[in-house]
**Student:** 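This is the structure I have questions about; it appears just below.
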Amino acid sequence: MTRHFATSTVTSFGKTSEVSDLSSLAGIFVISVKESHLNGQAVINTGFKPKIDDWEFVNEGSYIEPEGHCAGQAMTMMWYYYQQKLRGKPQLFHLLDMSKSDDLFWQDNPTGFRFASVIQQDIDFNSLSRTLIRNLLDRGADALFWNAFIASMILTGEPQYVALRRYNANRQFLYGHAIVAHKINVSEGKIFVTDPNYPGTERVITYSNGSFTPYNTKQNTTQADPEPYQGIGCFHKSSMIDWSTISARWKQVQDSSIGTVAPNVFPSYIIRTTDSRQATITESVIAVADTIGIEVECPTCQIWYTGSDHLTTFKIRLGESRLAASDVNGKFLLDDLRPGENTFTIEIDNWSPDGTYKTYLDFRRLTIWYYSLRILAARADSVPMKKPGDKNTDYAFVASMPGGGPKKFRVDWSFGDGSPREVRTNDSTVTHKWQADGEYLVTARLYDDASGRFITSVSVTAKIGVFEMLSVEPAKDTVGAIVRIAGRGFGPVKGTFERVWFTDAAGPQWQVTATIRAWGDSLIEATVPKQAGTGWVHVDIRGSKQDSLAFTVIPKVTEMSPPRSWLNGPMVIVYGAGFGAAQGTSRLTIAGRPVDSILQWTDTRIDFKVSEGLCSGPLVVTVGANASTPAHMTIGTMAWLKNTSTMQANFSAMMTKKKSPDNTTLDGIELWELDTAPLSGSIAWNGLSFSLSSTSSTGTNQTTIVEFNGTVDSTGQLLKTAYIKKTVTDGAPPTRQTVFEYTVTDLPVRQANQTAGTVGFSLSGAALQAHMSGIAYTFTSSIPPAYGWTYVSTDWASTAPKPSLWVTFKK
């Protein structure tokens with residue numbers, strides 16, 4: 001057994017019968033115990049338990065002990081257990097931390113952290129007894145130390161200090177670590193230990209055949225991975241430090257002076273705001289806005305942020321656990337403060353002397369008071385703020401402080417009419433009356449009455465005797481609609497400077513003036529102007545009195561060009577009003593399906609192309625929750641016919657709806673011819689041919705359209721009426737357009753149950769025919785039905801397939 005001593009105190013001593021007598025006689029003594037007695041033990045338990053008697057913080061190191069304070073933790077937890085816990089004091093785990101919770105958030109125990117670091121510095125790591133035992137460790141005296149652990153626990157019944165040493169391959173010392181042994185199972189060769197690197201966890205050192213198995217741990221918790229420590233030895237608690245020294249340091253813990261007494265001193269620091277006040281924060285501070293800047297200055301720290309005035313690093317946490325953010329160059333901005341009390345914690349760090357890693361300096365709880373201020377009218381109808389009031393009438397106001405205010409507060413009121421200010425202490429209400437009509441600025445200034453510090457101010461406008469708008473009917477309508485604005489104080493007639501204006505569709509910062517239909521003191525009728533957008537309708541009296549009410553513009557579709565199209569066909573233009581300056585979340589749908597190929601979106605025009613998945617149906621523009629009146633849009637499919645060797649022009653055909661659900665109507669076939677020269681040909685419907693010819697045009701684009709429309713009779717055999725329409729366009733529409741129409745009646749068609757029929761196209765005498773099955777005009781499919789159908793060129797009625805000739809119908 002060993003004890004801490006100076007060499008001058010060593011004397012010889014004789015036999016004694018009491019262990020307690022030894023301390024008064026010598027600094028080192030030897031005890032002889034039979035090994036058989038030690039080996040005959042079963043389980044020796046000191047009663048010390050992890051997560052009850054150890055610290056909850058980790059061995060990361062601090063500013064004064066940057067490489068770790070494992071020995072200080074081991075010594076202080078053993079001291080507290082023996083001197084305090086066994087004498088009825090509370091458990092050590094979470095005893096001194098701020099949260100008192102089982103979250104193992106170790107940073108919130110600055111007092112315990114400093115206690116361990118200070119004791120780490122108090123330990124005499126070069127004492128004679130430690131040197132003697134260390135030499136034995138380096139020689140690998142495992143059996144001796146195994147017996148020493150057993151004998152020490154039997155003799156004292158206390159936890160034992162475990163010294164760990166890591167060696168290289170030549171058993172040269174690299175670095176060490178300290179832990180606590182609290183229980184031994186002799187028969188199983190196990191020492192149960194508490195490691196400062198793993199708080200609240202019981203770990204095991206194993207012993208067999210005269211040797212310890214190397215124990216895996218870290219030098220401190222900043223080390224990434226554990227390593228094996230081969231040297232494992234037993235040190236008596238007083239071999240490195242006088243036990244009374246720890247007792248003296250405990251008194252410093254109790255009076256909050258630990259870490260401030262030389263030479264074991266943590267440097268002082270200042271927490272302050274970064275605004276013009278540079279207010280020092282001890283426990284709390286008042287924020288003047290919902291954001292506040294924080295910085296930490298450490299004047300005596302060895303290292304600080306480059307280019308700053310001794311600013312050091314810190315971390316801000318919400319409450320006491322979750323990390324919000326680390327500082328940026330010693331500064332941090334807390335935003336989105338809640339009205340009232342905001343609780344944060346701050347971990348303050350600095351760097352190791354070589355500047356390679358951060359070390360723990362302190363941990364604090366901060367309270368930031370943000371007092372937001374609002375002025376409310378005591379009347380439920382918000383008179384005279386949102387609605388006008390009357391002169392010579394008392395009106396009450398409340399200085400509302402959501403989330404609470406200072407314990408002692410003062411409100412300084414002014415009312416904008418030249419009357420003296422009124423001051424209320426710990427009273428948020430005030431009453432005032434105005435002697436003349438007008439608009440007045442009411443201002444409340446809030447002070448912390450205890451310190452006299454100004455906190456914040458707020459102002460509102462009070463309306464006395466001015467006009468007001470009561471309602472607008474309807475509150476939503478289309479451009480061009482007539483709205484009725486009811487109110488009071490408009491004046492009997494409209495003057496030169498009186499007007500009604502709406503929010504401009506181009507943006508809320510602009511306005512568009514409405515045309516006035518009628519004007520009276522309590523009622524105005526106005527037309528919603530063309531450029532109006534959702535927002536407000538305002539009444540402006542002589543440029544000095546204004547009031548407004550919300551108004552919603554419903555989108556309105558006036559025209560589509562063209563009213564029918566096909567997949568990837570020409571651009572479609574939707575004209576109207578109230579679409580909004582940009583699409584944003586607004587939608588254009590056809591038959592309930594969204595159009596995703598928008599090319600342009602303005603308040604009066606939308607350009608798009610028909611994309612995959614769209615079909616004929618109502619076209620609707622929806623802005624917000626408001627939809628336009630539907631306008632029908634016809635969407636067909638495309639077919640291309642091409643023969644590069646014989647055909648004189650390219651054709652595209654648009655097939656619209658094939659047949660109605662009740663098998664009674666046909667929607668028709670359109671054939672679009674695109675060519676720049678006169679062309680002649682014919683079209684055949686089940687063998688009945690019609691000649692087709694085009695005329696010359698001086699324009700750059702000539703389009704010929706052939707349409708079949710009509711109904712099937714009750715027998716499904718006759719197309720009762722049909723017509724052919726040919727349109728010749730000179731230049732880009734609508735420059736000039738000529739229409740030729742031909743009417744046919746009793747045109748024979750196939751039976752509804754026929755399996756095949758023909759539609760033939762003839763151009764310049766070259767007849768082309770395509771098989772189509774059934775009256776519904778469905779086609780042979782080479783892709784899934786959900787995507788449409790394709791007609792392949794090999795299925796022609798002519799004698800042989802023509803690879804250069806193809807037809808595709810695609811949905």
Side-chain angles (χ1 to χ4, degrees), residues 275-277 284-292 335-342 368-470 487-489 508 535-536 538-541 544-550:
D275 55 27
S276 59
R277 299 176 300 160
S284 64
V285 70
I286 295 175
V288 296
D290 63 354
T291 61
I292 186 170
D335 54 9
D336 295 330
L337 297 176
R338 301 185 309 272
E341 182 179 4
N342 295 264
I368 299 176
W369 293 94
Y370 167 48
Y371 301 123
S372 65
L373 184 64
R374 294 186 299 168
I375 297 178
L376 304 178
R379 284 184 51 166
D381 57 1
S382 294
V383 173
M385 286 158 39
K386 291 187 177 180
K387 295 184 178 181
D390 298 316
K391 60 185 178 182
N392 299 318
T393 302
D394 285 327
Y395 290 104
F397 299 89
V398 178
S400 173
M401 291 170 276
K407 292 181 180 179
K408 294 183 178 180
F409 66 89
R410 184 176 79 250
V411 184
D412 186 336
W413 293 90
S414 62
F415 300 95
D417 58 355
S419 62
R421 292 189 175 188
E422 298 189 35
V423 178
R424 298 288 184 270
T425 301
N426 290 333
D427 183 1
S428 59
T429 62
V430 71
T431 301
H432 188 75
K433 71 172 63 176
W434 284 269
Q435 304 300 319
D437 292 340
E439 294 188 6
Y440 301 93
L441 194 66
V442 180
T443 301
R445 296 173 58 86
L446 177 65
Y447 294 84
D448 182 345
D449 199 47
S451 64
R453 180 184 300 170
F454 168 74
I455 297 175
T456 188
S457 64
V458 66
S459 299
V460 296
T461 299
K463 303 175 182 179
I464 302 298
V466 298
F467 78 98
E468 67 173 327
M469 295 171 61
L470 298 176
R488 67 186 178 105
W536 304 93
H538 305 254
V539 174
D540 190 344
I541 306 296
S544 60
K545 300 178 181 180
Q546 297 179 357
D547 202 1
S548 60
L549 292 171

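Note that the numbering runs from 1 along the sequence shown for the chain.
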**Student:** How close do Ala287 and Leu337 get, counting heavy atoms only, and between which atoms?
**Tutor:**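 Heavy-atom minimum between the residues: CB-CD1, 3.7 Å.
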**Student:** Checking side-chain contact (heavy atoms from CB on, under 4.5 Å) for the pair Met469/His538: CA distance, chi angles, key distance, verdict?
**Tutor:** CA-CA 9 Å; Met469 295 171 61; His538 305 254; 5.7 Å; no
**Student:** Quick one, Val398 and Ile375 - any side-chain contact, counting heavy atoms below 4.5 Å?
**Tutor:**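 Of all side-chain heavy-atom pairs linking Ile375 with Val398, none is under 4.5 Å.
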**Student:** Would Tyr371 and Leu446 count as a side-chain contact (heavy atoms from CB on, under 4.5 Å) here? Give the steps.
**Tutor:** CA-CA 9 Å; Tyr371 301 123; Leu446 177 65; 4.0 Å; yes
**Student:** I would like to know whether Glu439 and Ile464 meet side-chain contact (heavy atoms from CB on, under 4.5 Å); could you show each step before the answer?
**Tutor:** CA-CA 6 Å; Glu439 294 188 6; Ile464 302 298; over 6 Å; no
**Student:** Taking all atoms of both residues into account, what is the closest heavy-atom pair of Arg338 and Glu341, and its distance?
**Tutor:**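 Answer, listing the atom of Arg338 first, then Glu341: NH2-O, 3.3 Å.
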**Student:** Flag yes if more than 12 heavy atoms outside Arg277 fall under 6.0 Å of its CZ atom; otherwise flag no.
**Tutor:**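 For Arg277, atom CZ is crowded (more than 12 foreign heavy atoms under 6.0 Å).
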**Student:** So do Trp369 and Pro406 actually touch side chain to side chain, heavy atoms under 4.5 Å?
**Tutor:**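 Heavy-atom side-chain distance check fails, nothing below 4.5 Å.
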**Student:** Do Val458 and Arg374 touch side chain to side chain, with heavy atoms closer than 4.5 Å?
**Tutor:** no
**Student:** Between Thr443 and Trp413, is a side-chain contact (heavy atoms from CB on, under 4.5 Å) present by the stated rule, with each step listed?
**Tutor:** CA-CA 6 Å; Thr443 301; Trp413 293 90; over 6 Å; no
**Student:** Using the side-chain contact (heavy atoms from CB on, under 4.5 Å) rule, pick out the option among Val411, Val430, Asp412 that qualifies with Glu422.
**Tutor:**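 It is Val430, the one option of Val411, Val430, Asp412 that forms the side-chain contact (heavy atoms from CB on, under 4.5 Å) with Glu422.
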**Student:** Would you say the side chain of Asp390 lies within less than 4.5 Å of the side chain of Tyr395, judging by non-hydrogen atoms?
**Tutor:**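 With C-beta onward as the side chain, the pair touches.
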**Student:** Considering all heavy atoms of both residues, which atom of Leu549 and which atom of Leu470 are nearest to each other, and what is their separation?
**Tutor:** CD1-C, 3.8 Å
**Student:** Would you give the length of the straight line joining atom CE of Met401 to atom OG of Ser372, rounded to the nearest 0.5 angstrom?
**Tutor:**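 Met401 CE to Ser372 OG: 9.5 Å, rounded to 0.5 Å.
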**Student:** Evaluate the ring planes of Trp434 and Phe397, with Trp represented by its six-membered ring, and classify them as parallel (under 30°), tilted (30 to 60°) or perpendicular (over 60°).
**Tutor:**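 Answer is perpendicular, since the angle exceeds 60°.
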**Student:** Does a salt bridge link Asp449 with Arg410, judged by any charged N lying under 4.0 Å from a carboxylate O?
**Tutor:** yes
**Student:** When rounded to the nearest 0.5 angstrom, what is the spacing between CG in Asp547 and CH2 in Trp536?
**Tutor:** 10.0 Å
**Student:** Could you tell me whether Arg488 and Glu468 have a side-chain N and a carboxylate O separated by less than 4.0 Å?
**Tutor:** yes
**Student:** Evaluate side-chain hydrogen bond (donor to acceptor under 3.5 Å, both in side chains) for Thr429 paired with Asp427, printing each intermediate quantity in order.
**Tutor:** CA-CA 6 Å; Thr429 62; Asp427 183 1; 2.9 Å; yes
**Student:** Tell me whether the centres of the aromatic rings in Tyr440 and Phe415 are closer together than 6.0 Å.
**Tutor:** no
**Student:** I want to check something: taking the side chain as every heavy atom from C-beta on, are Tyr447 and Ile455 in contact at a cut-off of under 4.5 Å?
**Tutor:**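 Side-chain contact under 4.5 Å: no.
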**Student:** Give me the one residue out of Thr393, Asp417, Asp394 that meets side-chain hydrogen bond (donor to acceptor under 3.5 Å, both in side chains) with His432.
**Tutor:**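 In the set Thr393, Asp417, Asp394, the residue that makes a side-chain hydrogen bond (donor to acceptor under 3.5 Å, both in side chains) with His432 is Asp417.
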**Student:** I'd like to check Ser400 versus Pro402 (side-chain heavy atoms, cut-off strictly below 4.5 Å). Are they in contact?
**Tutor:**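 Heavy-atom side-chain distance check passes, below 4.5 Å.
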**Student:** Between Lys391 and Gln435, what is the shortest heavy-atom contact and its length?
**Tutor:** CD-O, 3.8 Å
**Student:** Hey, what do you get for OG (Ser382) to CG (Leu376), rounding to the nearest 0.5 Å?
**Tutor:**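 Those atoms lie 8.0 Å apart.
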**Student:** Do Ile292 and Val285 have side chains that approach each other closer than 4.5 Å (heavy atoms only, starting at C-beta)?
**Tutor:** yes
**Student:** Given 3.5 Å as the limit, does a donor-acceptor pair link the side chain of Asn342 with the main chain of Ile368, or not?
**Tutor:** yes
**Student:** Would you call Asp448-Arg453 a salt bridge at under 4.0 Å N-O?
**Tutor:**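 Judged by the 4.0 Å cut-off on N to carboxylate O distance, Asp448 and Arg453 do not form a salt bridge.
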